[in-house]
Amino acid sequence: MESRKISTDGSQEPIPPLKPGQWNVYRPEDIMRWGVQRFLNEVCAKEPFQIPDLGFNEEENKRMDEILRQEREASNNGI
């Protein structure tokens, strides 16, 4: 296993940015060293993301809503 030296103050250390289209993994000890709030401020989205139009028509949307409603009811009933 690789041994990494952890400094006590990572406040000036750059945080690697997220890479779109790739898996992004941050080690818990790195996040703690950088500071959780600083990490969230730098890495997390600042605005809600927009869900793209997937091309479903109104009938397909209604069917999906009904399926989701049925699944919620089933899970609430312990099925």
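Under a hydrophobic clustering in which Ile, Leu, Val, Met, Phe, Trp and Tyr are joined whenever their side-chain heavy atoms come within less than 4.5 Å, directly or via other members, V36 and L18 fall into the same cluster. Residue F56 is not grouped with residue L68 when hydrophobic side chains (ILVMFWY) are merged at heavy-atom distances under 4.5 angstrom, including chains of intermediate members.
Note that CD1 of I31 and CD1 of I15 are 8.5 Å apart. Values are rounded to the nearest 0.5 Å.
In this pair, F39 and W34 present their aromatic rings parallel. The plane angle is below 30°, not in the 30 to 60° band.
E71 pairs by the side chain to side chain donor-acceptor pair (under 3.5 Å) definition with nothing, not counting sequence neighbours.
For residues 52-66, the side-chain hydrogen bond (donor to acceptor under 3.5 Å, both in side chains) pairs, not counting sequence neighbours, are E66-R69, E66-Q70.
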* When you look at R38 and N41, which way does the side chain to side chain contact (heavy atoms under 4.5 Å, CB included) test go after all the steps? -> CA-CA 5 Å; R38 176 179 169 230; N41 289 342; 5.6 Å; no
